[in-house]
Amino acid sequence: MNFSEVFKLSSLLCKFSPDGKYLASCVQYRLVVRDVNTLQILQLYTCLDQIQHIEWSADSLFILCAMYKRGLVQVWSLEQPEWHCKIDEGSAGLVASCWSPDGRHILNTTEFHLRITVWSLCTKSVSYIKYPKACLQGITFTRDGRYMALAERRDCKDYVSIFVCSDWQLLRHFDTDTQDLTGIEWAPNGCVLAVWDTCLEYKILLYSLDGRLLSTYSAYEWSLGIKSVAWSPSSQFLAVGSYDGKVRILNHVTWKMITEFGHPAAINDPKIVVYKEAEKSPQLGLGCLSFPPPRAGAGPLPSSESKFSLQTLKPVTDRANPKIGIGMLAFSPDSYFLATRNDNIPNAVWVWDIQKLRLFAVLEQLSPVRAFQWDPQQPRLAICTGGSRLYLWSPAGCMSVQVPGEGDFAVLSLCWHLSGDSMALLSKDHFCLCFLETEAVVGTACRQLGGHT
């Protein structure tokens, strides 16, 4: 495993282009575009104020920079560096900006969610969409880029509008049976739209493309409800994380629950592999392994050691947004595994086998898990905890790697390259690239660790 030199960064703004050729990063008001292979600077753009958001167009030809404080969006072209575009929302203000799937329209959401302005880079035309709802996830596009679903709020009721992205014509408009809609998300195949309600009421609704209600699911009443939602890449499963510390898996045929995964503080099953990070590890050089195996062989633990307790956090329940429940979940790209984090057991990552519907492994870190993300090409999970180590898990085992550099490089976030051969590691003021070696080398390290296969 190799690392690049360290580069400056602001606000954790660092993104690979969709085609994997470029890497964009921000240093205050400057946008830097590098070649992924050589890390040489290809373009350096200067914006009018400090950049707060960046996003590549789907074809990797343009990149937008949003400056919310100024109500400005600037767009830069990689093919024509002298061309640029400035969008000023003026007194309406700006709270969000994103590309349409065709990479030629920009959707700006004004302050107080009064409207969404659709700007065309080709014709310079402007369209307006009224009544967008102020919620965590109010806009979602189908994977093929044909349709956009938008959550709306008007006359004290929730609605969803479905638009055709090619000409922004309204295709369907329907009300949803929600008290206070919180999020919407298309299934990867674009056939079903998931809509979920406020955390005060456990309810998730499934709609077809033409607005028909396919199913409604509610696990319980009179308690905090849904906290996170994730579709499997195959569109066969919908994982719903709840404040009760459980993940419920719905199937795509009947939309009923097929199983639920609990997250207890004690692991009683001796067949479950638990990796616990050690305070200190032997000096093995770069890539030293700090996950000692919970058992020497593949056999079960002796009965006296068959219980493993995880470190828990006592939540403050009399304040808003208590640290309880499933705050993070993500499917592996092949839909075989699901990774989760229970917010009141913040140091642990749980990996579930979706084929066998059972717990596969638990990783307990020394510090709370900040982020995790699956390799886009294979079931390999990268984890960071805000420290100077990177953690990798695969079905063969897991390993930790010290990020080199002067002082501690506190990894706060990470993002994979689409090839799965490298990833960007982000700290508060810097970033670097981590280049992974072949699978055979990683597999050897995992076997040395003692992880089961």
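Computed from a predicted structure; not experimentally measured.
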Review point. What residue among Tyr220, Tyr243, Trp196 forms ring-ring contact (aromatic ring centres under 6.0 Å, His included) with Tyr202?
Key: Tyr220
Review point. Picking from Trp56, Tyr45, Trp83, Trp76, what satisfies ring-ring contact (aromatic ring centres under 6.0 Å, His included) with Phe62?
Key: Trp83
Review point. Cut-off 3.5 Å, side chains only: do Gln137 and Thr182 have a donor facing an acceptor?
Key: no
Practice item. Could you verify whether a donor N or O on one side chain and an acceptor N or O on the other, from Tyr391 and Glu277, lie under 3.5 Å apart? Key: yes
Point to revise | Verdict with reasoning, Tyr207 to Phe174, per ring-ring contact (aromatic ring centres under 6.0 Å, His included) | key: CA-CA 10 Å; Tyr207 290 92; Phe174 53 91; 4.8 Å; yes
From [X] atom [atom1] to [Y] atom [atom2], the distance as rounded to the nearest 0.5 Å:
X: Leu238; Y: Leu250; atom1: CG; atom2: CG; value: 5.0 Å
X: Ser235; Y: Trp186; atom1: OG; atom2: CH2; value: 12.0 Å
X: Lys69; Y: Met67; atom1: NZ; atom2: CE; value: 12.5 Å
X: Ile204; Y: Ile184; atom1: CD1; atom2: CD1; value: 12.0 Å
X: Lys246; Y: Thr259; atom1: NZ; atom2: OG1; value: 10.5 Å
X: Asp144; Y: Asn189; atom1: CG; atom2: CG; value: 9.5 Å

Exercise for review: Please lay out, stage by stage, how Ser400 and Arg389 fare under the test side-chain hydrogen bond (donor to acceptor under 3.5 Å, both in side chains).
Suggested key: CA-CA 6 Å; Ser400 72; Arg389 286 184 174 273; 3.2 Å; yes
Study note, to complete from the structure: Smallest heavy-atom separation, Trp374 atom then Ala330 atom, equals NE1-O, 2.9 Å
Review point. Are Asp343 and Lys323 close enough, and set up right, to give a salt bridge (charged side-chain N to carboxylate O under 4.0 Å, His left out), and what steps lead you there?
Key: CA-CA 5 Å; Asp343 289 351; Lys323 291 186 177 181; over 6 Å; no
Check your understanding: Yes or no on salt bridge (charged side-chain N to carboxylate O under 4.0 Å, His left out) for Arg104 and Asp59, after CA distance, side-chain angles and deciding distance?
Key -> CA-CA 10 Å; Arg104 298 298 179 269; Asp59 56 11; 2.8 Å; yes
For [X] and [Y], take the angle between the two ring planes, folded into 0 to 90°, and tell me which bin it lands in: parallel under 30, tilted 30 to 60, perpendicular over 60.
X: Trp393; Y: Phe360; value: perpendicular
X: Trp231; Y: Trp255; value: perpendicular
X: Trp350; Y: Trp352; value: parallel

Exercise for review: Determine, step by step, whether Ser77 and His84 satisfy the side-chain hydrogen bond (donor to acceptor under 3.5 Å, both in side chains) criterion, reporting the C-alpha distance in whole Å, the side-chain angles of both residues, the deciding distance to 0.1 Å, and the verdict.
Suggested key: CA-CA 6 Å; Ser77 167; His84 74 279; over 6 Å; no
Practice item. May I ask you to check if Arg146 and Phe141 form a cation-pi contact, with NZ or CZ under 6.0 angstrom from the six-membered ring centre and within 45° of the axis? Key: no
**Study point:** side-chain hydrogen bond (donor to acceptor under 3.5 Å, both in side chains) assessment of Asn108 paired with Ser97
**Key:** CA-CA 4 Å; Asn108 285 344; Ser97 182; 2.7 Å; yes
**Study point:** salt bridge (charged side-chain N to carboxylate O under 4.0 Å, His left out) evaluation trace for Asp177 with Lys203
**Key:** CA-CA 9 Å; Asp177 186 20; Lys203 182 183 286 187; 3.3 Å; yes
**Study point:** Gln74 side chain to Cys85 backbone, donor-acceptor under 3.5 Å
**Key:** no
Point to revise | Under 3.5 Å: donor-acceptor pair, side chain of Ser419, backbone of Asp421 | key: yes
Check your understanding: Going through the distances and angles, do His173 and Ser161 end up as a side-chain hydrogen bond (donor to acceptor under 3.5 Å, both in side chains)?
Key -> CA-CA 4 Å; His173 175 76; Ser161 289; 2.8 Å; yes
Review point. Does the pair Asp158 and Lys133 meet the rule for a salt bridge (charged side-chain N to carboxylate O under 4.0 Å, His left out), with working shown?
Key: CA-CA 8 Å; Asp158 292 326; Lys133 183 174 171 101; 3.0 Å; yes
